[in-house]
Amino acid sequence: SLKKRKVLALNGLEVFETKTFIIIYFYLVFVTILSMSIVIIGGGYNSPYAGMVYMTIPIVVPLIRHYRLKKLAIIQEKQAI
């Protein structure tokens, strides 16, 4: 939807939300690739560590959202001035 934002007539908030979801999904893909890499490189012996990588998701995703909300507030402040 980001590539077709003009066709879809997305406003600034919708573009911002789309970028936020792209960042979050990129992180989720990164976690998956990291987990698979740990098992491929380390073998089955390191599989518990590969599973522990997924435990970062409930920590990092809220941090990303918090950071993005702060950034949104700053953008809205600048537009109000």
Side-chain angles (χ1 to χ4, degrees):
S1 69
L2 199 55
K3 289 183 180 180
K4 297 182 180 182
R5 62 182 152 197
K6 300 223 189 247
V7 175
L8 296 172
L10 298 179
N11 63 26
L13 180 60
E14 292 167 334
V15 171
F16 188 84
E17 287 179 356
T18 302
K19 289 180 181 180
T20 301
F21 280 109
I22 289 171
I23 293 168
I24 289 172
Y25 285 123
F26 177 76
Y27 176 72
L28 294 176
V29 169
F30 170 76
V31 166
T32 304
I33 292 171
L34 179 63
S35 175
M36 289 189 301
S37 299
I38 290 172
V39 172
I40 290 170
I41 294 169
Y45 180 75
N46 290 321
S47 62
Y49 301 112
M52 288 183 198
V53 171
Y54 288 97
M55 292 172 44
T56 64
I57 292 173
I59 298 167
V60 175
V61 170
L63 289 175
I64 292 171
R65 287 187 178 153
H66 177 74
Y67 168 76
R68 295 292 290 175
L69 284 174
K70 279 181 134 179
K71 189 170 183 175
L72 178 62
I74 292 170
I75 291 170
Q76 288 177 338
E77 268 184 24
K78 287 181 181 179
Q79 289 179 353
I81 293 176

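The structure presented is a predicted model; accordingly, all values stated were derived computationally and were not measured. Count residues from 1 along the sequence.
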Mind checking whether [X] and [Y] sit in one hydrophobic cluster, side chains of I, L, V, M, F, W, Y counted as touching below 4.5 Å?
X	Y	answer
Phe16	Ile23	no
Val39	Tyr49	no
Ile33	Phe26	no
Ile24	Tyr54	yes
Val31	Ile38	yes

Taking atom [atom1] of [X] and atom [atom2] of [Y], what is their separation to the nearest 0.5 Å?
X	Y	atom1	atom2	value
Leu69	Ile64	CG	CD1	12.0 Å
Leu28	Thr56	CG	OG1	9.0 Å
Thr20	Tyr67	OG1	OH	10.0 Å
Arg68	Ile75	CZ	CD1	7.0 Å
Thr32	Tyr27	OG1	OH	10.0 Å
Leu13	Gln76	CG	CD	7.0 Å

Checklist entry - Does Gly51 offer a backbone N or O that forms a donor-acceptor pair with the side chain of Ser35 under 3.5 Å? => result no

Next on the checklist: Which label fits Phe21 and Tyr25: parallel for a plane angle under 30°, tilted from 30 to 60°, or perpendicular past 60°?
Outcome noted: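 Rings of Phe21 and Tyr25: parallel, as their planes differ by under 30°.
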
Item to check | Minimum heavy-atom distance between Pro62 and Ile57, given as atom pair plus value | outcome: CD-O, 3.9 Å

